[in-house]
Amino acid sequence: MAKKVHVTTTVNGDDYEYLAEPGQTLVDVLRNNLELTGTKEGCSTGDCGACSVILDGELVCSCLVLAAETDGKSVETIEGMADGDNLHPLQRNFLDLNGLQCGICTPGFLIAAKALLERNPDPTETEARFWLAGNLCRCTGYDKIVRSVMAAAEEMRGA
Amino acid sequence: MATILEDSKYDPQRDLKVVGSNPVKHDGLDKVTGRAKFGADYFLPGMLYGRTLRSPHPHAIIKSIDTSAAEAVPGVKSIVTRDDFPEIDPGTVAGEMTRTAMAREKALFDGHPVAAVAATTDAAAKQALKLIKVDYEILPHVIDPVDAMQPDAPILHDYIRTKGLDEPSDKPTNITERLITEMGDVEKGFAEADVIVERDFDSKPMHQGYIEPQGCVAEYSDDGQVELWCCTQAPFVYRDRLSAILKMESAKINVQQSELGGGFGGKTGFYPEPVAILLSKKAKRPVKMVLSRNEVFRGTGPVSATNYTIKMGVTKDGKITAAQGHLVFQTGIFTGSMYFNGPNAMFTRYNFENIHIESFEVVSNRPKVNSFRAPCVPQIVFGVEGVIDELARKIGMDPIDLRLKNAATEGYTTVYGETLGPIGFVETLQAAKDSEHYKSLVKDGEGRGVAAGFWFNRGGETSTSMNIAPDGSVTIITGTADVAGSRISIAMMAAEELGIDVDKVRITMADTNSLGFNRVTAGSRTTYSVGMTVVDNARQCIDQFVKRAAEIWDVPEDAVVYENGECRPAGANVGNFEPLTIADITKQTTMSHGAVTASASMNVTGAGPGFGLHIVDAKVDEETGRTDITRYTVVEDAGKAIHPLQVEGQYQGGAVQGIGWALNEEYVYGEDGRLQNASFLDYRMPVTSDVPMIDTVIVEVPNPRHPFGLRGVGEVPVVPTMAAIGNAIGNAIGVRPQSLPMSPPKLLEIIDNRNS
């Protein structure tokens, strides 16, 4: 068996150190080594966005990133999105506007939307729809997801 | 005390405080913070990882399976093949279920499980799969349903004889059943018509497309007890079917449902679960199995493909006099498509007197189809509503007016024998006609289409229990899976009945050892049926509150009334007593009388049928064949929207699933019978940028059999979608497509033919 890779990283601000198989993906390590199961795996080919995380400020599909590549980098997942008991405005708007049904795609959408608003605090609906086109949802028809993101953006601009 | 089924009536005068509002879903917080546990999120100490070897051939005899090299891989703890499953005759329901889980005599479709491995790591399990040697004898295969019906087609099962033939045959065939569904006299009806339209249609299989692949953890203990954690729409049905194929008592199999990451019908039957149980039994350790997306596409239930003809006749003044259908449904490799829904629902919403439908169900070398919202109905409505539009055009009538003129109303007896109670189809059509969307002008270069749909709605076996804690808070145990947020609606109905705040009510999803049988979450039955049992639970608890209050005050029971969450004296002459809240009563009496609890198990009847009409504006790029949906409105009767945002979500989600089915989604097979597009990249579901906002109009014509008037809303939203889009495209390009999906190559061909 190939030699494992020593990885030092931060996840949601916490320091982690672990050994990863050379071929092990970041989503695999997050879920199975670090037991951060909020990040979901829907396809393993980068098509559904359920595994979206932010890696050194960039939105990525964690199924397309090798854990070994994250050595020395910082990872943000859904578990780090709320500040203690204070939900992120995106989280609160998804709840208030019913931007979720089954909830399996929700962590990925929230992370992707957070990345959008960090880059573009005032997106048009079309911009939001194209940015979120990498995340599949099969329940909602996207209507209430987009409304939740737009409402959170407006709230954050006002804050 | 009479059960709710006997004494419940909808009361239009009732002042509702909770029902009709939009509280945050109780399961929502865990879902936005990543804490909610889905099928793949369970871990047990000592857990192994299971993987499945699948046949690359669509039809082949399995001559032998050699697992010896795989067993030698370090970390491999158990291997399961057909030899580990109890022998059950093919051609029986259980025989076909066990052969879906694991191939026996033959591999019957590309992706059919042939063996499975459990190992200490996922990598070891995958490595072992490569070392399993399967000796196949490849047989001719057939994918297309019409091909499978031909006399020279390869016969897939030697035990099938077509049921329902006028002259029974003893010849093996791929046609499982022929069904005639009829009323009146179609020949007479066609003779009365001024205009007759007959068109051929077809549809391809599409996949339910849930984002969460099937995932489970199974633990088989030394005393023969199975614990199974899995994502399922049907924990009790899984238990009983596992019992049938593993030949174990149901009570020894405890199924704990996880949060469900989408099902839409696709998680009503199991796939890896029995395999994981047998791997765990052999390894004496818990086993986790999670399917890959490739396995989900190749190995789990898409919907029925169809080929069919619709013929209808109308008089000049808009009376539809006859409706005929000849339908072929592909069921995949085993029977069980529920194709009979198609003929029963395809014309139901109209008051037709003369109907004749001949249906066939056909097997072919594909996974057995699984349910999808309104199984076997939307793909037929695609044709029916297209023909109705053509009739309207030919007699020069507004398409909604033609539907209104022929709309079924209370008292109409359907082709399947049900006499309809109060229904909201006319109100739905009228609301659509009055909508801003329908009244607006169609934009230049776009087309507009409408189409209507119906679903029976279901009830069925339902069990719940309610426990009042000593502090007065309420827990409800339900066993009918929550697939999209029914928990909040159920909690709201309980809170309304108890007269308390919805945040005082919490719902626990039971494991199968903890509650009586609950039917599968399907057919738009859950909020309706569970709503009935929890209201019954609440009324039983209220009875007990009243008894206890009467005892505390030492007055007769009929001197106590329960209102707004508290017991009060019925009048001034009863005495001067301060009202007792639930908490006041339970704090004072739990120690002396035990807890206040209630349970209910019933076969819920009286689900009111649902009707909808969709309005679509679409633009077709005539150079690329791409269709853009520019505006979409769903109008549907909900009876009563318990949680309007949830109802809107059902409407919107159904519409967008239908947009995918209408424009892109299909299974593509190669000549070799292998699925060519088993990934989300090649099987293209709608993404955010493909669709507009989906407008909704909630019509409320109460179901008189439900205390709050509700009707199920889960199935209807997808029923008319492809038909409405087809009609919009037809309006835009001048030719109404007859084949699903209406993908760019097909539209380009239509446009080329139109131009030449």
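Chain A is the first sequence line, chain B the second, and so forth, proteins listed ahead of strands; every chain is numbered from 1.
- Only the backbone of A:T140 comes within contact range of chain B, with at least one heavy atom under 4.5 Å from a heavy atom of that chain.
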Report task. Evaluate the side-chain contact (heavy atoms from CB on, under 4.5 Å) criterion for residues A:L136 and B:V687: first the C-alpha distance (whole Å), next the side-chain angles of each, then the deciding distance (0.1 Å), finally the verdict. Result -> CA-CA 6 Å; A:L136 286 175; B:V687 299; 3.6 Å; yes

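- Residues B:F264 and A:C139 are in side-chain contact: their nearest non-hydrogen atoms beyond the backbone lie under 4.5 Å apart.
- Put simply, the side chain of B:Y210 does not reach to within 4.5 Å of the side chain of A:I104, judged on heavy atoms.
- The residue among B:E259, B:H643, B:K25, B:Q650 with the most heavy atom pairs within less than 4.5 Å of chain A is B:K25.
- With contacts defined as side-chain heavy-atom distances shorter than 4.5 Å, the pair A:R138/B:E212 does not qualify.
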Query - side-chain contact (heavy atoms from CB on, under 4.5 Å) between B:L29 and A:L95, intermediate numbers included - result: CA-CA 7 Å; B:L29 191 57; A:L95 286 178; 4.0 Å; yes

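- Your options are A:L132, A:L36, A:T39, A:V146, and the one with the most heavy-atom pairs under 4.5 Å with chain B is A:L132.
- Within the 4.5 angstrom heavy-atom criterion, no atom of A:Q24 approaches chain B.
- Only the side chain of B:F43 comes within contact range of chain A, judged by heavy atoms closer than 4.5 Å.
- Both the backbone and the side chain of B:P686 come within contact range of chain A, each with at least one heavy atom under 4.5 Å from a heavy atom of that chain.
- No side-chain heavy atom of A:L97 sits under 4.5 Å from any side-chain heavy atom of B:L645.
- With a threshold of 4.5 angstrom between heavy atoms, B:A655 does not approach chain A through any atom at all.
- If you tally non-hydrogen atom pairs under 4.5 Å between each of B:G485, B:A40, B:A36 and chain A, the highest count goes to B:A40.
- Residue A:F130 touches chain B through both its backbone and its side chain, counting heavy-atom pairs closer than 4.5 Å.
- The shortest side-chain heavy-atom distance between A:N135 and B:T688 does not fall under the 4.5 Å cut-off.
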Requested in this report: Run the numbers on A:R129 and B:M693 for side-chain contact (heavy atoms from CB on, under 4.5 Å), then give the verdict.
Outcome: CA-CA 10 Å; A:R129 284 187 179 274; B:M693 291 296 187; 3.3 Å; yes

Requested in this report: Take A:L87 and B:T33 through the side-chain contact (heavy atoms from CB on, under 4.5 Å) test and state the conclusion after the steps.
Outcome: CA-CA 8 Å; A:L87 293 179; B:T33 55; 3.9 Å; yes

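- B:R35 has no carboxylate O lying under 4.0 Å from a charged side-chain N of A:E79, or vice versa, which leaves the two without a salt bridge.
- Looking at B:S292, there are no atoms closer than 4.5 Å to chain A (heavy atoms on both sides), in backbone or side chain.
- Atom CZ of B:F680 sits about 10.5 Å away from atom OG of A:S44, to the nearest 0.5 Å.
- Proximity of a side-chain donor or acceptor of B:K31 to a complementary backbone N or O of A:T106 within less than 3.5 Å is not detected.
- Residue contact with chain A, scored on non-hydrogen atoms closer than 4.5 Å, involves the side chain of B:Y49 exclusively.
- Looking at A:Q91, its side chain does come within 3.5 Å of a backbone N or O of B:V32 through a donor-acceptor pair.
- For B:D41 and A:R31, the salt-bridge test passes: some basic side-chain N is under 4.0 Å from an acidic carboxylate O.
- Salt-bridge formation is not detected for the pair A:E35/B:K37: no Lys NZ or Arg NE/NH1/NH2 atom is positioned less than 4.0 Å from an Asp or Glu carboxylate oxygen.
- Only the backbone of B:V483 has a heavy atom closer than 4.5 Å to any heavy atom of chain A.
- Using a 4.5 Å cut-off between heavy atoms, B:L681 contacts chain A through both its backbone and its side chain.
- Put simply, the side chain of B:R293 never gets that close to the backbone of A:T45: no donor and acceptor are under 3.5 Å apart.
- More than 12 non-hydrogen atoms from other residues, nucleotides or ligands lie less than 6.0 angstrom from CD of B:Q676.
- Between the OG atom of B:S689 and the CD atom of A:E125 there is a distance of 11.5 Å, given to the nearest 0.5 Å.
- If you take SG on A:C102 and CG on B:D482, they are separated by 10.0 Å, rounding to the nearest 0.5 Å.
- Screening B:V691, B:D690, B:I694 against A:Y142 for a side chain to side chain contact (heavy atoms under 4.5 Å, CB included) leaves a single residue, B:V691.
- To the nearest 0.5 angstrom, A:L100 atom CG is 7.0 Å from B:D27 atom CG.
- With a threshold of 4.5 angstrom between heavy atoms, A:R92 does not approach chain B through any atom at all.
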